[in-house]
Amino acid sequence: MNRLMTRSVMAMLAAMTLSACSDDSSNDGLGSLTPEENFFGKANDVFTAEEWYPGGELGTTEDASYSAPAPAVENVAGMEEDFNTGEDFFEHLYTFEQEPRKGLGPAWVRNSCIACHPSYGHGKRQTEYRANQIGNGYLLVIYHPDNNAYIGEVTGMPQTQAMTPFKAPIDESQIRIEWKDVTAMESGLPMTFPDGGDSYSLIYPEVTIPVTAFNTNPKPSNYEVRLESTIGIYGTGLLDALDDEEIEKQWAAEAPYVELNPAMWDKEAGKFKAAAYYSAPYNDTGSHHGDHGPLKRFTYAMTRGTLQDGAGANAIWNITNVTRSDRHWLYTTTAWAKAQSEDADVISYIKEHGASETSILHPYYADGTDEGIRDRVYEVLNTPSITYKSTFEKYLLNGAPYNGQEEMSDRQYYQFMVWHRGLAVPAARNLNEADVKRGKQLFTELGCASCHRPSWKTGSDNMWVDASTKAYAASIGKDASQMLPKYPNQTIWPYTDMVQHRLFMKNDIRTGWCRTTPLWGRGLSRQLTGADDRLHDCRARTLVEAIMWHAYSKKSDAYKATERFFYLPKTDRDAVVRFLESI
C-alpha cells in the first residue's frame, strides 16, 4: 500500500472512530473529540504534527508494519531492490551449501534471523529453550558471577545446534527455564493498587544448565545463566545517525542525578571513557568520529558502536556462523574444538563419510587416519586464534563448511545492510484521542521522560562504514558512505535517553546495567507478532507489569516515577498505558 493511500485509509478510519463515539460527549470523563482533533498528522494541544512521524520524514512508514522500507530507501533509485534482496537474507533459512544463504555451521545459534525476531519485533516469552522454535528470541547469557565476564568455554552467543557429526556446544535438551512468582516487592510497594482493588503480578525466569550439557573440554565451572531476548530492529538506522557528541551531552546531563556505569563514564572528567568507543583499528577517518571509533550505543550492554558492526551486522555472522570477507573465521571456541577432536564418534563418522572431495566433511578428513582427522578437526574448528585468510588456502574445497572463500559475498552483505539500515519506524496512532493526550502529560509529570527521552535530532549522518561494504563499493567504483540509507537532520521520537540505567530487578540482567529501550512502535507488537512481552527477558506480560518492575527495588533509577504511577487513579494509569500503546 503506497503512502498516499495509507494516509487516506487512516483518515477514513479516524472519521469512522469519530462517528462511533460522537454520542459519548464525556469520553470517560476525558473530554469529547472534535473533527479538527481527529485527523492523522495534525498537531493538537498536546502533540506536535512531527510526533505522528517518530522516524522523521525520512524514517517513518504509515503502514502498521515493522518491515516496511523507509522513505530514505524509497527515495533513492534502485535502493529498494537491494532492500528487498537484503530482506530475503533475514527472512529465510541458512543452509550448509545451497546458494544464496549458504555456510551454516559447523555450530550455530539459529538458522535464520526471523526465528529470533518474529515479524521483525521483540522475541516472545518461552517456557523451554528450543533454538528452532519460531519466536524464541532468547540468547543464553552464561557468565561468572564474581566478575560478570562471559565464560570462555562456549561462544558469547552460546550455540545449541551443530552439523553432524559434531555435538552442539550446549545440549539444549538439558536447559531448564522455570518461571517464578514475585510474592512481595523488595521496595515494599503493595501488589494491589490502592484506588480500587486492581492487582498486578510479576514473574521472572530462573535458568539452569547443568555442567553435563556442555560438550567442551574443559567444561565450565562457577557460572550463572540469564536470558536476554531480541528487540525490534526497525528504526535502528536512525539511532545510528545520532551524533556521538549529542549522546555524550545526555549522559553528562544525567550524571549529577544518577550513578552512571563506571565502565563507560568518567565521572571526574565528565565524559566517556575510551572503553565507550570502538578502538582505533575500527576507525574510519572519513567519518565524524575523529581519532576514535564510534560511540557504543547498541545492545542492552551497549557493546556495539555502529549499526554497520552492530547487533544485526554482527549476528548475520555469529548467529548463523556464516563467514564473509571481514569475518573470515568461524565463530567457535578452543574448548569446543578440543572436545570434538577428542570424540571417538566424531572421528569415526568423518573417517567413514569424509573421504570424497565432494563431501562437506572432506576438509576434516586429512589423510584419513584417526590422528590426522583429530588434528584437522582441531585446526579447522579452533579458528578464533587464526587471523589470516591464507591459513585456510589449503582447504579450498567445494562444499566445505568453511572453505577459505566468502560464504556471504560483500554484495550480499551490503544488501543485507541496506535492508537493516533502511527499516522504517511505524507512524504513531491515536494521538488525537483524549486519553492518549492525557497519558503523554502524565508520562512527563511522573518523570518517565527523564529516562525515556522523547525526541532527538540526528546529525549529518556521516556514518562509519565497515570493511565489507567498502570492499563492495570499491569493486563498483562508488563511495561506500553514500550507498546506505541516510537520515540527516531528522527529528525523531524513540523515547530513549541512550543511557544505561539499573532497575535492580530480581534475577536481573548481567551486570545490572541496561540501555533504556526505545518505546517507539512497541504498541503494535501484539498485533504484528502475537505477543506483547516486555523487558530484557520477556518477564513482563503486560505494560503494567513492565512499569511495576521499575519499582521492584527502591534502589531502581526509576523507583520514584513508578511509585507515582502506582498511586494514580485507574483512569490515569490506563491513560499512560494507552499513550505507550500509541507511540
Side-chain angles (χ1 to χ4, degrees), residues 51 148 185-189 231 239 242-277 295-303 305 439-459 491-506 508-520 522 534-536 540 543 546-568 572-573 576 579-580 583:
E51 290 179 78
N148 285 318
M185 299 283 275
E186 183 183 284
S187 63
L189 276 183
I231 63 174
L239 301 181
L242 296 175
D243 281 346
D244 294 352
E245 295 78 11
E246 292 304 308
I247 297 176
E248 187 170 50
K249 287 179 184 177
Q250 180 66 28
W251 282 64
E254 295 188 28
Y257 308 104
V258 295
E259 182 181 353
L260 301 179
N261 187 351
M264 297 279 288
W265 185 255
D266 187 329
K267 185 175 182 179
E268 291 186 4
K271 63 180 183 180
F272 280 113
K273 292 183 176 180
Y277 297 92
L295 179 67
K296 294 176 182 177
R297 66 187 69 190
F298 293 109
T299 75
Y300 295 114
M302 296 185 75
T303 56
K440 182 190 177 182
Q441 292 171 326
L442 287 165
F443 187 82
T444 302
E445 291 170 7
L446 295 172
C448 306
S450 297
C451 294
H452 288 282
R453 171 179 165 176
S455 66
W456 292 77
K457 187 168 185 178
T458 64
T491 299
I492 63 175
W493 300 79
Y495 285 88
T496 174
D497 57 2
M498 302 298 285
V499 175
Q500 288 179 305
H501 292 282
R502 292 181 296 179
L503 301 184
F504 294 94
M505 295 185 289
K506 180 75 172 178
D508 211 347
I509 194 169
R510 182 186 70 93
T511 78
W513 296 100
C514 187
R515 190 197 70 171
T516 304
T517 298
L519 300 178
W520 55 5
R522 286 300 313 280
R534 304 260 178 161
L535 302 182
H536 69 281
L543 263 168
I547 293 169
M548 293 312 302
W549 266 115
H550 288 58
Y552 176 75
S553 169
K554 285 188 175 181
K555 294 184 290 185
S556 166
D557 287 355
Y559 176 75
K560 287 296 184 182
T562 311
E563 183 185 40
R564 296 184 192 108
F565 173 85
F566 176 80
Y567 285 107
L568 289 175
D572 281 350
R573 295 197 306 271
V576 173
F579 161 70
L580 294 172
I583 57 174

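Keep in mind that what you see is a predicted model, and the values were worked out from it rather than measured.
- A heavy-atom distance below 4.5 Å is not found between the side chains of Asp244 and Phe272.
- Closest approach of Arg564 and Leu446 over heavy atoms only: NH1-O, 2.6 Å.
- A donor-acceptor pair is defined here as one N or O able to donate and one able to accept, closer than 3.5 Å; such a pair exists between the side chain of Lys273 and the backbone of Pro262.
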Between Asp572 and Phe565, is a side-chain contact (heavy atoms from CB on, under 4.5 Å) present by the stated rule, with each step listed?
CA-CA 8 Å; Asp572 281 350; Phe565 173 85; over 6 Å; no
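- What you find for Ala253 and Pro256 is that their closest heavy atoms are O-CD, 3.4 Å.
- To the nearest 0.5 angstrom, Gln500 atom CD is 5.0 Å from Met264 atom CE.
- Atoms CG and CG, from Leu295 and Leu242 in turn, are 10.0 Å apart once rounded to the nearest 0.5 Å.
- Contact between His452 and Phe443 at its shortest, heavy atoms only, is CB-CZ, 3.6 Å.
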Under the side-chain contact (heavy atoms from CB on, under 4.5 Å) rule, what do His536 and Leu503 come out as? Steps first, then yes or no, please.
CA-CA 12 Å; His536 69 281; Leu503 301 184; over 6 Å; no
Pair Arg534-Trp549, side-chain contact (heavy atoms from CB on, under 4.5 Å): steps then yes or no
CA-CA 10 Å; Arg534 304 260 178 161; Trp549 266 115; over 6 Å; no
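- In this structure, the side chains of Thr562 and Ser556 stay at 4.5 Å or more apart for every pair of heavy atoms.
- Remark: the backbone N or O of Ala275 is paired with a side-chain donor or acceptor of Lys296 at under 3.5 angstrom.
- Met185 CE to Tyr552 OH: the interatomic distance, rounded to the nearest 0.5 Å, is 8.0 Å.
- Judged by distance alone, the side chains of Gln250 and Glu246 never bring a donor and an acceptor atom under 3.5 Å apart.
- We find the CZ-CG distance between Phe566 and Leu189 to be 5.5 Å, quoted to the nearest 0.5 Å.
- Closest heavy-atom contact between Val258 and His501: CG2-CE1, 4.1 Å.
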Test side-chain contact (heavy atoms from CB on, under 4.5 Å) on Trp265 and Glu259 and set out the steps.
CA-CA 10 Å; Trp265 185 255; Glu259 182 181 353; over 6 Å; no
Could you walk me through whether Lys457 and Asp243 pass the salt bridge (Lys or Arg N to Asp or Glu O under 4.0 Å) check?
CA-CA 9 Å; Lys457 187 168 185 178; Asp243 281 346; over 6 Å; no
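- Closest approach of Gly512 to Arg502, counting heavy atoms only: O-CG, 3.1 Å.
- If you take NZ on Lys554 and NZ on Lys560, they are separated by 7.5 Å, rounding to the nearest 0.5 Å.
- Nearest heavy-atom pair, Asp266 versus Ala269, reported as atom, atom and distance to 0.1 Å: OD1-N, 3.0 Å.
- Remark: the backbone N or O of Leu580 is not paired with any side-chain donor or acceptor of Arg522 at under 3.5 angstrom.
- Put simply, the residue from Thr496, Asp497, Asp557 that forms a side-chain hydrogen bond (donor to acceptor under 3.5 Å, both in side chains) with Thr516 is Asp497.
- Rounding to the nearest 0.5 Å gives a distance of 8.0 Å between CG of Leu519 and CZ of Phe579.
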